[in-house]
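Structure record follows, encoded as structure tokens.
Keep in mind that this is a model prediction, so the values were computed, not measured. We name chains A, B, ... by the order of the sequence lines, and we start the count at 1 in each one.
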2 protein chains.
Amino acid sequence: MKKKNFAPDMPINLAIAEDNCFSRQAAIERMSKFSQIKIKHIAANGQELVSMLQKDSNIDLVLMDIEMPVMNGIEATIEVKKHWNHIKILMLTMFDDEKNLFDAILAGASGYLLKESNAEQIFRAIMDAMTGGAAMSPAIALKALNLIKNPQSESKESQDFGLSEREIELLNQLKNGLTYEQIASNLFISYHTVRKHIENIYRKLQVNNKVEAIQKASSNKLID
Amino acid sequence: MKKKNFAPDMPINLAIAEDNCFSRQAAIERMSKFSQIKIKHIAANGQELVSMLQKDSNIDLVLMDIEMPVMNGIEATIEVKKHWNHIKILMLTMFDDEKNLFDAILAGASGYLLKESNAEQIFRAIMDAMTGGAAMSPAIALKALNLIKNPQSESKESQDFGLSEREIELLNQLKNGLTYEQIASNLFISYHTVRKHIENIYRKLQVNNKVEAIQKASSNKLID
DNA sequence: TGAAAAATACGAAGAAATGCGTATTGCAAT
DNA sequence: ATTGCAATACGCATTTCTTCGTATTTTTCA
């Protein structure tokens, strides 16, 4: 694991994603008190956050609400981590729901706080995250311990995206890193047919290349 | 989960189990500062703690060292929880070792702190534990998250193929189905450098395309 | 039986990836 | 000091993939 050189004198570039304008304003005010923190982006949902990051990804940490319209905090975290892995995510939530906690951890969140946390607690959590640690409200930590003790069997419900059996077969060939040519030969169909199948798979999974298709099929347990 | 009626005005009956007499004395002094806390038992190892509890089990919480002779902190926790399930255990340790953390959680610890924690942090952790929560040092929490993300397996021996850290970073980008262009932009290097890195990765892993590289890196736990 | 869906097949054009060569810089070990 | 390696960077040629069409045959199901 890489040692992170976090300079305590550098300001922390913060983004806030929160749909409720009340909470959003409250968060802004509470964080403004800290001179080390510079609020750079304020988004009303995950989509907006991603758009802002596309224009300026020089952000250290995001305070992310879980419940948001359009794109929720979990989805947004996945998206952010995919493109900007250096950005830390602190989840803020009203409820200590075990399902959300698990998904947030899988998505790559560096901490998980209840919204009732006060400014100092949030600030400390931010510092913890920036120095390579993680922070959790005690109630959350308890759930986390439960998750370790009783591992999730089936976490998120997996979709099948309406893929046919033949298409799953194609995906299993893709997974092995074969070219269209090789797959065609393996399945005794033409190169063109392989391409058409894969085109259909991409449309159904809403992806644009082999790797994404495999990852998505895999995480939905369509292939192993 | 049962709601615990913890009265804030009642003193907390504390036990301390720690073999090193230096650390033990330090712990005693640090906890004595808090009027809410009453130190009732002081043990030099797990065995001693259990003996004391057999005579007087009116204890709310134990500050437990992990490394102890005769009976270590994990074994002691199992024993304590078996006989006096109401007693909370706060683990204190020098190292953020993942294996010990896992065992401690399974044994039923309510929190896990590094010994470097100061008196206030320990006190807060005690209060968290008493009010039904859990407390973890940030460094510990990070390990806990890892445990949830990557459940204990330890199966087949994995090679590292002599990949550099930078190359692992590249692999993690590849995994997300990004193009060379996008990766270059994410890592602030040129498109050409991305290609060269990937070429080197392919050579080291002895593969010829993205999918094979990801599969091989993944099965050797170089990425997750 | 008729309609819809799935599987098959082909081509053009552009995007992306791959292989091979070369080269500079900086850092670490001998 | 020199050697070696990692990280950076560029160009060319070729292969592979992806998107967009269109089209026929087979299977499924209402």
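Put simply, OH on B:Y180 and CG on B:L170 are 9.5 Å apart, with the number rounded to the nearest 0.5 Å. Distance NE2/A:H83 to CD1/B:I183: 11.0 Å, rounded to 0.5 Å. In this structure, CD1 on A:I16 lies 11.5 Å from CG on A:L90, to the nearest 0.5 angstrom. How far CD1 of A:I28 is from CD of A:E18: 9.5 Å, rounded to the nearest 0.5 Å. Atom CD of A:E165 sits about 11.0 Å away from atom CD of A:E167, to the nearest 0.5 Å.
In this structure, the CZ atom of B:F161 is 19 Å from the C1' atom of D:dA6, given to the nearest Å. We find that CD1 of A:I168 is positioned 15 Å from C1' of C:dA7, with the value rounded to whole Å. Following rounding to the nearest Å, B:N200 (CG) and D:dA9 (P) show an atom-to-atom distance of 14 Å. Distance CD1 (B:I189) to P (D:dA6): 15 Å, rounded to an integer number of Å. Between the P atom of D:dT8 and the CD atom of B:E167 lies a distance of 10 Å, rounded to the nearest Å. Atoms CD (B:E169) and P (D:dA7) sit 9 Å apart, rounded to a whole Å. Between the C1' atom of C:dA7 and the CG atom of A:L187 lies a distance of 12 Å, rounded to the nearest Å.
Between B:I140 and B:M91 there is no side-chain heavy-atom pair separated by less than 4.5 Å.
The bend of the helix from C:dT1-D:dA30 to C:dT30-D:dA1, defined by the angle between the axes of its first five and last five pairs, stands at 60° to the nearest 10°.
The nearest pair of heavy atoms linking B:M94 to B:E67 is N-OE1, 4.3 Å.
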Can you pull every protein N or O that's under 3.5 Å from an N or O on nucleotides 15-20 of chain C?
| residue | atom | partner | partner atom | Å |
| --- | --- | --- | --- | --- |
| C:dA17 | OP1 | B:K210 | NZ | 2.1 |
| C:dA17 | OP2 | B:Y180 | N | 3.0 |
| C:dT18 | OP1 | B:Y202 | OH | 3.4 |
| C:dT18 | OP1 | B:K210 | N | 3.1 |
| C:dT18 | OP2 | B:Y180 | OH | 2.4 |
| C:dT18 | OP2 | B:Y202 | OH | 2.6 |
| C:dT18 | O4 | B:R195 | NH1 | 2.9 |
| C:dG19 | OP1 | B:N208 | OD1 | 2.9 |
| C:dC20 | N4 | B:E199 | OE1 | 2.9 |

Pull out every protein N or O sitting under 3.5 Å from an N or O of nucleotides 3-5 of chain C, one pair per line with the distance.
none

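Not counting sequence neighbours, the partners of B:F123 by the ring pair (Phe, Tyr, Trp, His ring centres under 6.0 Å) test are B:F34. B:S117 meets the side chain to side chain donor-acceptor pair (under 3.5 Å) test with no other residue; sequence neighbours excluded.
A donor-acceptor pair under 3.5 Å links the side-chain atoms of B:S137 to the main chain of B:L114, judged by distance alone.
Between A:K40 and A:D56 there is a salt bridge, since at least one side-chain N of the basic residue sits less than 4.0 Å from a carboxylate O of the acidic one. A salt bridge is absent between A:D128 and A:R124: the closest approach of a Lys/Arg side-chain nitrogen to an acidic carboxylate oxygen does not fall below 4.0 angstrom. The pair A:D65-A:K115 counts as a salt bridge, with a side-chain nitrogen and a carboxylate oxygen less than 4.0 angstrom apart.
Heavy-atom distances to DNA chain C give each of A:K204 and A:F188 a nearest nucleotide, and the one nearer the 5′ end belongs to A:K204.
Between A:T193 and the phosphate of C:dC10, there is no side-chain N or O to OP1/OP2 separation shorter than 4.0 Å. Neither OP1 nor OP2 of D:dT8 sits under 4.0 Å from any side-chain N or O of B:H192.
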Heavy-atom protein contacts under 4.0 Å, nucleotides 24-30 of chain C, coded B base, S sugar-phosphate only, - none: -------
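Comparing atom distances between the B:R166 side chain and each of D:dA9, D:dA7, C:dA9 picks out D:dA7 as nearest.
Residue contacts for B:S164: at a heavy-atom cut-off of 4.0 Å it reaches the sugar-phosphate backbone alone, with no base atom in range.
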Chi angles and distances behind the side chain to side chain donor-acceptor pair (under 3.5 Å) call for B:N172, B:K175: CA-CA 5 Å; B:N172 274 306; B:K175 175 192 69 185; 3.1 Å; yes
